[in-house]
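Encoded as structure tokens, the structure appears first; notes follow it.
The shown structure was predicted, so the numbers you read here are calculated from the model rather than taken from an experiment. Here is the naming used below: chain letters follow the sequence lines, and residue numbers restart at 1 for every chain.
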Amino acid sequence: MLLANLRLSLVLLLICGLAYPLAMTGIAQIVMPAQASGSLIVDEAGKVVGSELIGQTFTDSKYFSGRISSIDNNAAGSGSNNYAPSNPALIERTQKDLAAFLEANPGVKQEEIPADLLTNSASGLDPHISPEAAAIQVERIAKARNLDPAKLSALIEENTDGRSLGVFGEPRVNVLKLNLALDQLK
Amino acid sequence: MDFLQISLVLVVLLILAIPMGRYLALAFSLTTTRLDRVFGGVENVIYKISGIRVADMTWKQYAAGVLMSNIAMVAIAYLLLRLQGFLPGNPNNIGAMEPLLSFNTAVSFLTNTNLQHYSGESGLSYLSQMMVIIFLMFTTPATGIAVAMAFMRGLTGQRSIGNFYVDLIRSHTRVLIPLAMIVTLLLVSQGVPQTMEPTATATTISGTEQQIARGPVASLVSIKHLGTNGGGFFGVNSSHPFENPTPLSNVIEILSMFLIPASLPFVFGFMAKSRKQGWVIFGAMGMMFLAFLITAYTAEVNGNPALERAGLSQLMGSMEGKEVRFGIAQSALFTAVTTAATTGTVNNMHDTLTPLGGLVPLGEMMLNSVFGGDGVGTVNILMYAILAVFLAGLMVGRTPEFLGRKIEGREMKLIAIAILVHPLIILAPTAIALATEMGTAGISNPGFHGISQVLYEFTSSAANNGSGFEGLGDNTPFWNISTGLVMLFGRYVSIIAMLAVAGSLIAKTPVPETLGTLRTDNSVFLMILIATVVIVGALTFLPVLALGPIAEWLTIR
């Protein structure tokens, strides 16, 4: 009886574990090759600069910075510290980051800082920030790059994705795409 | 906008679930239907090469089929995990998984739990992702759906409880494989990768190098949800931008995991030839679900008071451990759905939920009958329905009957076993873990939250959910063995007991309905059913909830 079940399991293994994923890979690669390969962004020289879906770390004050990532946006893995809301380490990290952000962005008041900017994302690879979190960095970047703040605000608006179908999810800015556009700005 | 986007998803779900229920009832019919013309050819080929006989089974034959096939599957899975280093389909050169972790992983995917003590990026080859994970992600919900069909046939007095192998194969050919193909392509269109190419290397504009893990992700993520499995391709599951890139993919995943559990009550209505009976079961689960969903949303949207005091505005809600594209609404909805349908996929880190937000997934898994996983959830709520009939019957002095069949000592004993095993395999190991060094060593968050971490791990294992308070350091012999055993008991004790109940009910002569019969297809019974589930659950679990999430809430509010 166990032998018959083994035979059945092997048949299902070949159908579900091999035929199905390989067929799907074939179809996806033909119909939507860019998405199926990881939505990679390639520059003019043909070099991969990242994936539009995967966050990167920006520490230079001339770039918009993204969300906190305890794994430093290392996309070979994924994860976070999983701090509970009551964990003292969470409070300590937040207070340190608040002080650092206020120092780097002198015109900003503490209560204006949106929460997404100073919290760790779930994946540690979140490519987005809220439009508010981008807006609050405009003054710093305009000063560092000697640009008109209005131009930067327009750039943020251009790179803001609305809710899906106008309803689902939240409006958001892709930080990597925004910074790539920023470098193109003359 | 939050209210609109949440209710829209639930309305679409309802619109899909009713026709899906009608389809499932047809697909698993014991008589010949027009669907046989479409799928019969393929199915007959599979029966022939696997050597399956399609005759009706007794409950004992059916249960033996469940156990023997599952033993064969877990053996294959374990071997593949141990040998993955020598097998092809391994472009990132990942070595063998060690024995205890392989045991835990094979059991976890066999029992539809998908608790993961490894991280997919570094722990599994592409071949293992396909031939262990995707393979079991099809066969285990198929097993669950088969058991539910058998149980419902017994309750509604059909010709027989059916044939396990026929039900197992039909779940694949008529339900899971076609749906998975559609959902896979929808997910790829949103940006979920589906490739055999190894990890990509990028040179960032800051000049550093970034390794980007990818693989055949979409074909796994689709069945992960459709089969209420929940194990992610990547460590952080559906919060990873490659597993869930847009709010739209989030909605697709929510609908996928809720579709089958939400349509099975309607299947029951069709089988019982009483649509109202189906609606009463659906309504009871739906009302409990809404209560949990509202609690989760309210808790998260109000933010973390401890961070507010530290000076970080909480106007956006509690964003630690959440993704910007989902925000609070899509995160709270996902959390409520994944623990109701006991999928266990997560799009935000449950460890970081506010205390009362974290109470919601715990509570849903403790009740274990708010829709529940493919098949088994329906079996659980029907088990509670029989218990409710029995209790109400005793209170008002009427004969306990359900759908024209007397509920007697034998059925009640079996149900009592199934209901009592669940809290036992949660609370006893939790107590052991908290009392010993090998248990407490894994706790990563201090204070009352540490108790919640341990409690969550065992609740998730017992309910075959698979999500976690992931800070817990759980890849140790203690956690691999203990949760492995809890998952096995959580899955098979109730499956075998309920098949026995089905076998016993189907053999009884139906009694005619009289004025003295307690009606089970009206709103009064709906309320009795909810009260039964909530009272049993609350009496069992309130003390331990007071020590974990409630105590944490009191300390930071």
Between the side chains of [X] and [Y], is a donor N or O closer than 3.5 angstrom to an acceptor N or O?
X      : Y      : result
B:D351 : B:Q453 : yes
B:S189 : A:Q35  : no
B:S249 : B:N244 : yes

Using a cut-off of under 4.5 Å on heavy-atom pairs, state which of [options] scores highest against chain B.
options                      : result
A:E132, A:E52, A:E112, A:M32 : A:M32
A:S86, A:P171, A:A28         : A:S86
A:S78, A:G77, A:S9           : A:S78
A:S37, A:S39, A:G79, A:A4    : A:S37
A:T59, A:L2, A:I54, A:I41    : A:I54
A:Q95, A:E92, A:R67          : A:R67

*How many angstroms lie between atom CD of B:E552 and atom CG of B:N445, to the nearest 0.5 angstrom?*
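These two atoms lie 8.0 Å from each other.
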Which one, [options], leads in non-hydrogen pairs under 4.5 Å with chain A?
options                     : answer
B:N348, B:L185, B:T199      : B:L185
B:E209, B:M73, B:M130, B:Q5 : B:Q5
B:V324, B:L315, B:T201      : B:V324
B:V251, B:T246, B:T139      : B:V251
B:G357, B:G471, B:P241      : B:P241
B:G447, B:G311, B:S331      : B:G311

Examine whether an atom of [X] lies under 4.5 Å from a heavy atom of chain A, and if so say whether it belongs to the side chain, the backbone or both; otherwise answer neither.
X      : value
B:I133 : neither
B:I205 : both
B:S222 : side chain
B:H240 : both
B:P305 : neither
B:A180 : both
B:N250 : neither
B:I556 : side chain
B:F469 : neither
B:F138 : side chain
B:L312 : both
B:I6   : neither
B:L8   : side chain
B:A306 : both

Are [X] and [Y] close enough for a salt bridge, meaning some N to O gap below 4.0 Å?
X      : Y      : answer
A:D183 : A:R145 : yes
B:K322 : A:E170 : no
A:E111 : A:K109 : no

At a 4.5 Å cut-off on heavy atoms, which part of [X] comes close to chain B: side chain, backbone, both, or neither?
X      : answer
A:Y20  : side chain
A:I129 : backbone
A:T57  : backbone
A:L6   : both
A:T25  : both
A:D60  : neither
A:L40  : side chain
A:N179 : both
A:I15  : side chain
A:V167 : both
A:D97  : neither

Testing the basics here: between [X] and [Y], what is the closest heavy-atom pair and its distance to 0.1 Å?
X      : Y      : value
B:S69  : B:F164 : OG-CE2, 3.4 Å
A:A75  : B:Q210 : CB-NE2, 4.2 Å
A:L13  : B:I76  : CD2-CG2, 4.0 Å
A:S51  : B:I212 : N-CD1, 3.8 Å
B:F135 : A:C16  : CA-CB, 4.2 Å
A:R172 : A:G162 : NH1-O, 3.2 Å

When you measure from the side chain of [X] to the backbone N and O of [Y], does any donor-acceptor pair fall under 3.5 Å?
X      : Y      : answer
B:E121 : B:F234 : no
B:E300 : B:T354 : yes
A:R140 : A:S61  : yes
B:S128 : B:V132 : no

*Parallel, tilted or perpendicular: which fits the ring planes of A:F58 and A:Y63, with parallel below 30° and perpendicular above 60°?*
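The arrangement is tilted - the two ring planes meet at 30° to 60°.
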_Within 6.0 angstrom of A:Q110 CD, more than 12 heavy atoms from elsewhere_ = yes
*Any side-chain heavy atom of B:V236 within less than 4.5 Å of one from A:S80?*
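Heavy-atom side-chain distance check fails, nothing below 4.5 Å.
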*asked:* Taking side chain to side chain contact (heavy atoms under 4.5 Å, CB included) as the criterion, tell me which of A:I91, A:L90, A:T119, A:T94 meets it with A:Y83.
replied: A:L90
